[in-house]
Amino acid sequence: MKITYSTTTKLRLLSQFQNVNESLKVFADYHNVGAGSLKRWIQQYLTGGLANLERPVHNRRYPKKLKLRAVRDYRNHRLPTKEILLKYDIRGLSQLRNWVILYNNGKEPVRKRVRKMGRKVS
């Protein structure tokens, strides 16, 4: 079961971590939080502040041109990955990697169309 943390809980844990002299792994284990999650929260807070710690209400949509520019920068090693995420305001590394996979397979990274309802069968 996936545990979701409120913004206040994330902020409280980040401030506690800042004031202790423990490693990230030890702190995360003590507070029953994944070390990867804690690391991601730190990065989100440093890049976008408190607003970046909040869970988005809706999925974010990126224009096709932005996706292509980000993939080209990634493939040409023009910028480090973290800088690409900051430059194009991409929330997660997995999003960029998915676009790169699509681009490498000869497809352009576009938004997926999802059927809302199936056909009615009588």
Side-chain angles (χ1 to χ4, degrees):
M1 182 169 89
K2 185 176 181 178
I3 300 172
T4 56
Y5 295 92
S6 68
T7 306
T8 54
T9 303
K10 291 177 186 178
L11 191 59
R12 181 179 50 79
L13 287 170
L14 290 178
S15 66
Q16 285 177 359
F17 177 66
Q18 188 176 16
N19 296 327
V20 296
N21 199 13
E22 297 174 344
S23 71
L24 184 104
K25 176 81 171 119
V26 171
F27 182 83
D29 287 344
Y30 181 77
H31 291 282
N32 295 324
V33 178
S37 296
L38 191 60
K39 206 174 192 179
R40 186 176 61 249
W41 298 342
I42 291 169
Q43 186 62 39
Q44 287 174 344
Y45 185 76
L46 291 175
T47 57
L50 183 62
N52 229 14
L53 283 179
E54 295 177 355
R55 283 185 67 85
V57 178
H58 301 288
N59 288 339
R60 186 181 231 170
R61 294 185 178 165
Y62 298 95
K64 185 177 175 181
K65 288 181 182 181
L66 182 142
K67 294 177 188 180
L68 289 172
R69 278 188 264 138
V71 168
R72 285 187 189 122
D73 280 351
Y74 180 83
R75 287 182 48 134
N76 296 332
H77 304 291
R78 291 183 185 154
L79 297 172
T81 308
K82 289 182 182 178
E83 287 187 31
I84 293 172
L85 297 180
L86 288 172
K87 179 180 177 182
Y88 295 106
D89 196 23
I90 301 168
R91 187 162 170 87
L93 180 60
S94 61
Q95 186 65 66
L96 178 62
R97 285 184 179 152
N98 288 338
W99 297 341
V100 170
I101 289 168
L102 283 174
Y103 188 84
N104 286 341
N105 289 334
K107 300 176 184 173
E108 290 184 357
V110 294
R111 196 179 102 200
K112 295 179 186 173
R113 295 187 68 118
V114 179
R115 285 181 62 177
K116 291 183 181 178
M117 290 179 47
R119 292 186 309 173
K120 292 185 178 182
V121 179
S122 54

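Keep in mind the model is a prediction, meaning the values are calculated, not measured.
At least one side-chain heavy atom of Tyr5 sits less than 4.5 Å from a side-chain heavy atom of Trp41. Looking at heavy atoms from C-beta onward, Leu11 lies in side-chain contact with Tyr45 at the 4.5 angstrom threshold. Put simply, the side chain of Phe17 reaches to within 4.5 Å of the side chain of Ile42, judged on heavy atoms. The side-chain heavy atoms of Asp89 and Arg60, taken from C-beta on, include a pair separated by under 4.5 Å.
Pairs engaging residues 7-19 under the side-chain hydrogen bond (donor to acceptor under 3.5 Å, both in side chains) rule: Ser6-Thr8, Ser6-Thr9 [sequence neighbours left out]. Applying the salt bridge (charged side-chain N to carboxylate O under 4.0 Å, His left out) definition to pairs two or more places apart or across chains, those involving residues 21-32 are Lys25-Asp29.
Linking Ile, Leu, Val, Met, Phe, Trp and Tyr whenever their side-chain heavy atoms come within less than 4.5 Å puts Leu46 and Leu50 in one cluster. Under a hydrophobic-cluster definition in which Ile, Leu, Val, Met, Phe, Trp and Tyr are linked whenever side-chain heavy atoms come within less than 4.5 Å, directly or via other members, Leu53 and Leu86 are assigned to different clusters. Connection of Leu93 to Leu79 is established within a shared hydrophobic cluster, with ILVMFWY side chains joined at heavy-atom distances below 4.5 Å, either directly or through further cluster members.
Under the side-chain contact (heavy atoms from CB on, under 4.5 Å) criterion, Arg75 pairs with Val71, Tyr103, Asn104, sequence neighbours left out. In this view, Lys82 satisfies the salt bridge (charged side-chain N to carboxylate O under 4.0 Å, His left out) rule with no residue, not counting sequence neighbours. Taking the side-chain contact (heavy atoms from CB on, under 4.5 Å) definition, one finds that Asn76 meets it with Arg72, Arg78, sequence neighbours left out.
Between the CG atom of Asp73 and the CD atom of Glu83 there is a distance of 10.5 Å, given to the nearest 0.5 Å. Separating the CZ atom in Arg69 from the CH2 atom in Trp99 is a distance of 11.0 Å, to the nearest 0.5 Å.
Residue Phe27 qualifies as enclosed at atom CZ: its count of foreign heavy atoms under 6.0 Å is above 12.
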- Apply side chain to side chain contact (heavy atoms under 4.5 Å, CB included) to Tyr88 and Tyr62, showing your working. CA-CA 9 Å; Tyr88 295 106; Tyr62 298 95; over 6 Å; no

Could you give the side-chain donor-acceptor pairs of residues 30-39 under 3.5 Å, partners two or more places apart or in another chain?
none

